[in-house]
Structures are given as structure tokens and as C-alpha cells.
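Data block below; observations after.
Small disclaimer: the values here were computed from a predicted structure and weren't measured. Convention: sequence-line order gives letters A, B, ...; per-chain numbering from 1.
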Amino acid sequence: MKCIVDCNSFYCSAERLFRPDLLRKPVVVLSNNDGCIISRTDEAKAFGVGMAGPYFMAKPLIDKYGIEVFSSNYNLYGDLSMRVMDTLRTLSPSVEVYSVDEAFLDLSHIDPKEIPAYSMHIRKTVEQWTGISVSIGVASTKTLAKAANHLAKKNKAATQCVYILADAVQEQKALQQLRVSSLWGVGRAYAQKLENLGIVSAWDLRNMSEEWAYRQLGGVVGARLIRELRGQPSIDMRDPLESKKMIATTRMFGDPVNNITDIKEAVATYTSRAAEKLRRQQSAASMISVFIVAKEEDHMADFHRGNSISDYTTLPSATSATHRLIKPAVEIVDRLYETGTWYKKAGVMLSGLVPDDSIQANLFAAEQVNEQRLLMDMVDNVNFSMRDDVIKFASSGTKRDWKMRQALRSPRYTTRWDELFEVK
DNA sequence: TCTGGGGTCCTAGGACCC
DNA sequence: TCTGGGGTCCTAGGACCC
């Protein structure tokens, strides 16, 4: 059996951990730049606060009901996420971290009769060890486990946050209750298409043929979805050692920017960030692309499809050295930038990733390459152990007008000595 | 006035090769 | 003057996820 463990309102729960006064109060957490609501507690939801909606639109509701608001604090969430995942790894030999707040567990080592008790044990252990409450779904496939999890969350009181689909009868009952739109793998576009075709419940979809799904729902992906819904495992557990195939760092600016120096500073900074991620997984990149997005005049326009222009450079040889990536990145900015235009966002993407050959003392690499790698390791270590970016490249700038807004961030209780939680 | 960031997989279609 | 079939590699774009 496959099990999904999902932290309840993760970012909000993380904030509450250090603010027990907010325990049963409505709380929301905002995206970078304080733009959207990306996490909300059940209490906030009950007041009608929507998910992923713009903050400014929910503001009246938030003020009216005195909802507590936080800017996102990724240092805190990342640290708590690690603790949750470490706990899960003591409970199953096979754990796939699916996102910052979710993991799949293989429970084939547990006797089927023991699964309800074991699931409850997982939930209680994580809560006791980390203070984070989780919801659990268990079923024969990942997709059905996600569906079970959805039902566990929908009625926390009755399910105690655990829902198990042990046989075909329970699967049918569950799928009949779910709309297609809440299935894992069915997004907005497909949900609309399916409902137009009169396929409303997850059970309706389960009863369509694989060939039909192949034609209507994106080829092999659609056919696989049908098999999963029928209880035929078709999405395997992923190898935890797999590394990323692309690394990106992209941000909205705090305020729109119209001079090339600011944009180059931002791009240099994002490149440093991306290069750190690259070195962490011991890869080197052979291609770098940069995009910048102009601020559109029409605010009603679909903001996700802004006027993005991009270009890329293929590097003479794969590298993970920050300075060798920054140079081509800012050269791309020169090609893209148009005088007089206001820009609101930029991003850097590293691809064509290969294992880094220049790691530590590689006897076969030129001495100079090893030196670069050692320098980078040193920079990473200092930046990790001290504060953000104690050491940075001059091209990243020092004043950073384009930096994002984070007006309401909580202290980094668990990762900064000077922001530790104080007990009086 | 104000709408996030970081990923994955898949398909279609063009360029090129023999 | 006529002009096949099969394969690979690449990019762009669409769909999805949290």
C-alpha cells in the first residue's frame, strides 16, 4: 500500500508553532513580495479567505475578522520540513519527499490489518516530535492515496485526519464523493473539459477507457491516470537520489525597475542563488537562460503570461562556478533590455545539467578548476553557517533597490542564533 | 496600486541525416 | 523531372504539481 503524508496548512502551522497564542485563530501566509495567499488555516478558510488569491483582494476580509498575516519565512519552513521528513524516515524504509510539506511512504512492510493503527501512529509521532499536524491517505496507488488524503482533510473531525481505502468497495465509495477537479493530475483545463463532457465525479472518470483518456487527457499521462484510479499502480516511488534536471531562480521585483544596472544586479544575485543549488546537488550546468518580464499596461491582462522575453547561452564547458555563470547571464541582459521599458520580474535558469567533475580534489582536472571548486565550497560554507550572503559577488550590488518586499516576516527561530525563540 | 516561485512530463513540429 | 521512409535531436508550448 502507498501512503501520502501531508502537513496541515504547513506554513501556517509553522508560524503557530512559535506563537501558541494563535492556536485556534485564523492565520494566513503570503507568497514572496507579499503578493498572494499561499497557506491558510481552517479558521481563515471558514471566513471565506480563498487559496492563492491576491492579498490585496482578501485584505478587507482579513481586517474585518482580525486574521493574522505573515510574509513567507522559508528558512523556518525549510528547517521544519527537514524535521518532519527525518521523522518519516524512521517509520518507513521507503520515503519519497514529494514537496516541502508532503511525502509518499511505501507501507508494504506493514501487515494490511495493521495499517489503520500504523497510520495513526505515523500521525501521532510526527505531531509529537515536530509539533506539526499531518493528514494521511492510504490506498493501493499514489493517485488513490491522494484522493483518500483529500477526504481525510475535508472532514478532519470524523476521520481524525486518516483515511484508508482498503478494498474496491471503499475505493468506489470514495471516488463517487469526489469531483474530477480534486483529483491529482486533473487541473483547471482538464476539469473544465471533463465537465463539459458530462464527466463529473472521479468515479465517472475511472469508468472511461484508457484509449479514450489517451486521446483526451494528454496521451500516456491520461491513460496512466485511469489505471491508477482503477487500483493498478502505474506511478512508482521515485529514487531519492535523483537530481534535478533544471534549476531556476526567478523573482518579482519589489517595485518595477527601469534601469539596466538594477536588472543586472538582480540577475547576478539570482545566478549566485541558482549556482548554490547547483553545487548542492553536485551538478554543473552547460546552458544558462535568462528572462525578463516587462510590466504590462493592462492590469486586467492574464498576469501569468506577461511580456516575457528570454535568451540563452550554451557554455563552452559545463560549470558550477558562480563567476563563470554570472558573466554570460549579464551579457544576456544586455541583449534583452530595452531602454525606457519598466520591468517587474527576472529569472535565471540552469539546464543541461551534468555531474560536476571538478568536485574536490579531482586528480584529472586542471589545477585551476579544482581551485575554483574549493573557493566555491568555501563561499557556500560561510554563507550557510553565518548569515545570508555574507560573501557575495560585487556584481550582485550592495543596495538592491529591486529586492522583494517582506513586511510581515516572523523571526527565523530555528536557523539564526540572533532570532532564537526566547522563553521568559 | 497591489496577483509567487520552482519544478516535471509530454507532444508536436521543424531541421537534419541516411 | 521526379521525390520515400525512418530515425534522431532540438525547441516551444501546454498541461500538471505544490
Side-chain angles (χ1 to χ4, degrees), chain A residues 4-7 9-11 28-39 50-60 62 71-72 74 77-78 81 96-104 142-143 146 149-150 180-194 213-225 234-235 238 242-256 270 273-274 277-278 281 286-287 289 291 293 295-306 308 310-312 314 342 344-353 404-407:
Chain A
I4 179 89
V5 178
D6 185 329
C7 301
S9 311
F10 181 53
Y11 295 171
V28 299
V29 174
L30 306 179
S31 64
N32 272 335
N33 233 14
D34 295 345
C36 287
I37 292 168
I38 52 172
S39 180
M51 186 63 174
Y55 175 43
F56 75 92
M57 279 169 69
K59 191 89 176 15
I62 285 169
S71 300
S72 38
Y74 291 109
Y77 313 148
S81 173
E96 175 193 328
V97 177
Y98 177 65
S99 73
V100 70
D101 69 334
E102 280 181 54
F104 286 103
K142 281 181 164 181
T143 305
K146 289 280 282 186
N149 182 259
H150 189 87
V180 278
S181 57
S182 41
L183 284 173
W184 189 47
V186 177
R188 260 214 339 242
Y190 287 163
Q192 187 62 58
K193 182 170 178 180
L194 289 169
Y214 188 94
R215 275 181 277 114
Q216 302 294 326
L217 301 177
V220 299
V221 181
R224 194 174 64 191
L225 173 59
S234 307
I235 306 176
R238 293 187 63 144
E242 264 176 63
S243 47
K244 301 243 189 317
K245 296 167 181 162
M246 182 198 86
I247 286 172
T249 300
T250 72
R251 295 262 183 295
M252 300 282 292
F253 302 137
D255 291 298
Y270 302 165
R273 226 358 114 260
K277 296 181 197 170
L278 189 66
Q281 69 163 37
S286 46
M287 188 164 101
S289 38
F291 69 84
V293 183
K295 173 176 146 61
E296 65 278 297
E297 273 99 75
D298 180 6
H299 290 292
M300 300 312 288
D302 187 355
F303 64 92
H304 275 303
R305 303 177 196 274
S308 173
S310 65
D311 201 355
Y312 64 88
T314 303
W342 287 86
K344 62 170 185 182
K345 181 178 184 175
V348 173
M349 282 183 271
L350 303 176
S351 53
L353 305 191
M404 66 186 177
R405 286 189 299 263
Q406 275 197 319

Check ring pair (Phe, Tyr, Trp, His ring centres under 6.0 Å) between A/Phe253 and all other residues, then give those that pass, not counting sequence neighbours. none
Answer with base, sugar-phosphate or nothing: what part of the nucleic acid does [X] contact at a heavy-atom distance below 4.0 Å?
X	result
A/Ser72	nothing
A/Tyr98	sugar-phosphate
A/Val100	nothing
A/Phe10	nothing
A/Ile247	sugar-phosphate
A/Lys244	sugar-phosphate

Which atom names give the shortest non-hydrogen contact between A/Ile38 and A/Met51, and what distance separates them? O-CE, 2.9 Å
Spacing between [X] atom [atom1] and [N] atom [atom2], to the nearest angstrom:
X	N	atom1	atom2	value
A/Met246	B/dC10	CE	C1'	15 Å
A/Leu350	B/dG6	CG	C1'	13 Å
A/Lys345	B/dG4	NZ	P	7 Å
A/Tyr74	B/dG4	OH	P	11 Å
A/Gln192	C/dA15	CD	P	12 Å
A/Asn32	B/dG6	CG	P	8 Å
A/Asp101	C/dC18	CG	C1'	7 Å
A/Leu194	C/dA15	CG	C1'	13 Å

Nearest to the side chain of [X], which nucleotide is it out of [options]?
X	options	value
A/Tyr190	B/dC10, B/dG5, C/dA15	C/dA15
A/Glu102	B/dT11, C/dC18, B/dT8	C/dC18
A/Pro54	C/dC18, B/dG4, B/dT3	B/dT3
A/Tyr214	B/dG6, B/dT11, C/dC17	B/dT11
A/Arg251	C/dC18, B/dG5, B/dC10	B/dG5
A/Lys295	B/dT8, B/dT3, B/dC2	B/dC2
A/Val221	B/dC10, B/dG5, B/dT8	B/dC10
A/Lys277	C/dC18, B/dG6, B/dT8	B/dG6

Within-4.5 Å side-chain heavy-atom neighbours: A/Tyr312 and A/Phe291: no
Is there a side-chain contact between A/Lys146 and the phosphate of C/dC18, meaning an N or O under 4.0 Å from OP1 or OP2? yes
Is any side-chain N or O of A/Lys245 closer than 4.0 Å to OP1 or OP2 of B/dC9? yes
Aromatic plane relationship, A/Tyr98 with A/Trp184 - under 30° parallel, 30 to 60° tilted, over 60° perpendicular: perpendicular
Would you indicate whether A/Lys244, at its atom NZ, is surrounded by more than 12 heavy atoms from other residues, nucleotides or ligands within a distance under 6.0 Å? no
Within 6.0 angstrom of A/Lys193 NZ, more than 12 heavy atoms from elsewhere: yes
Between A/Thr250 and A/Val220, just flag the one whose closest nucleotide in DNA chain B comes earlier from the 5' side. A/Thr250
Closest nucleotide of DNA chain B for A/Arg224 versus for A/Ala248: which of these residues is on the 5' side? A/Ala248
When you compare B/dC16 with C/dG4, how far apart are their C1' atoms, in angstrom units rounded to a whole number? 16 Å
Tell me every residue that passes salt bridge (charged side-chain N to carboxylate O under 4.0 Å, His left out) with A/Arg215, counting only those two or more places apart in sequence or in another chain. none
In the structure shown, which nucleotide is the Watson-Crick or G-U wobble counterpart of C/dG6, with both distances under 3.5 Å? B/dC17
